[in-house]
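Note that the numbering runs from 1 along the sequence shown for the chain. Just follow the structure's listing: the first ligand is 1, and inside any ligand the first atom is 1. In this text, all values refer to a predicted model and were calculated from it rather than measured experimentally.
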Amino acid sequence: MTRPADPHGVLRDAVRTLCRRFPDEYWRGVDRTRAYPDEFVQALTAHGYLAALIPETYGGAGLSITEAGIILEEIHRSGGNAAACHAQMYTMGALLRHGSAAQKTQYLPKIATGELRLQAFAVTEPDAGSDTTSIRTTAVRRGARYTVNGQKIFTSRVRQSDLMMLLARTTPSEDLTDKTEGLSLFLVDLRNAGDRLRVEPIETMLNHHTNQVFFDGLEVPVENLIGEEGRGFRYIIDGWNAERILLAAEAVGDGRWFIDRASRYARDRVVFGRPIGSNQGVQFPIAQAYAHVEAADLVRFDAARRFDAGEPCGAQANMAKYLAAEAAWEAANACLSTHGGYGFAVEYDVERKFRETRLFKEAPISNNLVLAYLGHRVLGLPRSY
Ligand SMILES: Cc1cc2nc3c(=O)[nH]c(=O)nc-3n(C[C@H](O)[C@H](O)[C@H](O)COP(=O)(O)OP(=O)(O)OC[C@H]3O[C@@H](n4cnc5c(N)ncnc54)[C@H](O)[C@@H]3O)c2cc1C
């Protein structure tokens with residue numbers, strides 16, 4: 001029996017070919033020095049992969065979420081990490097869906113070519129992570145400009161961006177009856193920010209270029225407001241399904257990388273005169289993680305298909321993100337255990353990927369909040385927030 005051809009085989013092969021130029025040594029090097037993987041991001045940009053979701057009318061590739069996910073999956077499956085640039089792929093979604101015709105014409109073609117980098121999305125604050133609607137950074141309109149004051153935390157890639165999406169409060173919370181109103185979305189041109197915006201890098205357990213950002217009277221022209229004032233939270237929710245599906249694809253890619261490495265090592269490593277993979281204590285955790293990664297992959301493709309067909313997909317997108325993050329973490333642990341002490345040696349890359357894949361369980365949304373969505377929105381259980 002012949003296996004049906006992969007309908008995305010050409011795309012997968014093309015991304016794999018590009019990723020081969022960035023082997024383990026490359027990723028190990030940028031991890032060691034905490035450097036931004038500039039050459040990699042430039043190569044992806046030059047091949048148009050980061051413009052996958054921008055329609056062709058604006059100079060993008062006009063691909064589906066299914067295809068965009070395959071690009072990200074292959075990057076992770078190759079041993080790389082798309083966190084350095086995946087926001088460039090989907091952060092523009094708010095602009096595409098809710099921006100004015102003038103904003104789209106002005107920015108999207110330049111984002112598509114990489115001339116303008118839109119890598120940063122500033123939502124989280126020190127006292128508002130999971131509970132986005134409690135953010136306190138304000139944008140107060142005075143004539144033709146908004147003045148922004150406040151603080152964001154974990155704003156990734158600000159220093160690698162020309163533009164930043166910013167969620168800020170335009171109506172005080174005490175004046176609202178609905179806490180999902182009163183927040184607005186802005187496209188901030190970081191090149192003009194000067195000393196009204198201060199960036200302090202945060203060191204993290206992985207090579208992730210994240211920061212604290214302080215706004216001290218930053219002025220944003222009214223023409224940089226996305227959509228209507230006060231509707232910003234709704235606009236970012238509109239992007240959540242796409243984000244969840246794409247991150248699920250990355251986690252599946254990580255899961256497959258761990259399974260491949262664990263299987264190879266388990267076949268080759270001989271202890272007590274036989275390959276360690278012949279012991280069920282070694283073999284079964286890998287097989288179990290494999291089953292879970294493949295199951296997560298099915299849900300991820302189901303979510304992507306629904307998304308591309310314009311069908312409701314909130315439940316599937318959330319389940320895909322949850323299942324893929326958990327399966328990748330299970331695969332990471334199986335891979336580390338299979339490698340014994342060598343899993344901790346930097347040159348095997350397992351410890352790096354282990355640190356990287358752990359993030360999927362917490363950010364951009366923690367798996368607890370995904371379960372809360374399923375409990376509340378899908379199963380009709382009482383909400384905890
Ligand atoms: C490396 C990194 C990069 C990031 N990049 C960005 C970025 O670019 N832009 C941005 O805006 N943010 C970014 N974030 C922030 C990220 O989105 C938040 O960390 C995440 O939303 C969780 O918020 P928190 O850390 O404040 O956790 P909290 O909201 O304080 O929650 C702490 C814990 O309590 C749990 N919890 C809270 N409430 C409930 C409940 N009702 N039921 C069950 N459990 C609950 C949470 O699940 C979590 O486990 C990044 C974070 C990291 C670590």
*Between CD1 on residue I286 and CD1 on residue I276, distance to nearest 0.5 Å*: 7.0 Å
*asked:* Suppose I only count heavy atoms of V123 and a 4.0 Å limit; which atoms of ligand 1 are within that range?
replied: 11 (O)
*Around atom 9 (N) of ligand 1, find the nearest protein heavy atom and jot down its residue, atom name and distance.*
F121 O, 2.8 Å
*asked:* Looking only at the side chains, is there a donor atom on one of S156 and Q119 sitting less than 3.5 Å from an acceptor on the other?
replied: no
*Looking at T138, V222, L166, N224, which hits side chain to side chain contact (heavy atoms under 4.5 Å, CB included) with Y146?*
V222
_Quick test of your reading of the model: are D216 and R198 salt-bridged, counting only N-O distances below 4.0 Å?_
no
*asked:* Strictly less than 4.0 Å: does any protein heavy-atom distance to atom 34 (O) of ligand 1 fall in that range?
replied: no
*Tell me: protein heavy atom nearest atom 5 (N) of ligand 1, and distance?*
S156 OG, 2.8 Å
*asked:* Are any of the N/O atoms on A363, whether in the backbone or the side chain, positioned under 3.5 angstrom from an N/O atom of ligand 1?
replied: no
*Using distance alone, with no hydrogens and no angle criterion, decide if N211 and T155 have a side-chain donor and acceptor under 3.5 Å apart.*
no
*Pick from G375, G129, S130, P126: the one approaching atom 29 (O) of ligand 1 most closely through a non-hydrogen atom*: S130
*asked:* Taking 4.0 angstrom as the limit and counting only heavy atoms of S384, give me the atoms of ligand 1 inside it, by number and element.
replied: 40 (C), 41 (N), 42 (N)
*Of all the non-hydrogen atoms in the protein, which one sits nearest to atom 49 (O) of ligand 1, and at what distance?*
E362 OE1, 4.0 Å
*Between the side chain of Q42 and the main-chain N/O of P37, is any donor-acceptor distance below 3.5 Å?*
no
*Between K321 and N367, is any side-chain donor less than 3.5 angstrom from a side-chain acceptor?*
yes
*Should R157 be counted as touching ligand 1, given the test is an N or O pair under 3.5 Å?*
no
*asked:* Just by distance, no angles: are the side chains of R274 and N279 close enough, under 3.5 Å, to form a donor-acceptor pair?
replied: yes
*Could you tell me whether R377 atom CZ has more than 12 heavy atoms of other residues or ligands within 6.0 Å of it?*
no
*So which bit of S366 gets within less than 4.0 Å of ligand 1, heavy atoms only: side chain, backbone, both or neither?*
side chain
*Which protein non-hydrogen atom lies closest to atom 10 (C) of ligand 1, naming both residue and atom, and how far is it?*
T124 OG1, 3.3 Å
*Check whether any N or O atom of P364, backbone or side chain, sits under 3.5 Å from an N or O atom of ligand 1, and answer yes or no.*
yes
*Taking distance alone, with no angle check, do L206 and ligand 1 share an N/O pair under 3.5 Å?*
no
*Just let me know how L359 lines up against ligand 1, side chain, backbone, both or neither, with a heavy-atom cut-off below 4.0 Å.*
side chain
_F154, portion touching ligand 1 at heavy-atom distance under 4.0 Å_ = both
*Assess L369 for proximity to ligand 1: is some non-hydrogen atom of it under 4.0 Å away?*
yes
*Could you point out which residue of K353, R352, R261 forms a salt bridge (Lys or Arg N to Asp or Glu O under 4.0 Å) with D254?*
K353
*For ligand 1, find out whether one of its N or O atoms is nearer than 3.5 Å to an N or O atom of T210.*
no
*Establish whether L185 and I111 are linked, either directly or via other cluster members, by ILVMFWY side-chain heavy-atom contacts under 4.5 Å.*
yes
*For atom 44 (N) of ligand 1, what is the nearest protein heavy atom, given as residue, atom name and distance?*
N368 ND2, 3.0 Å
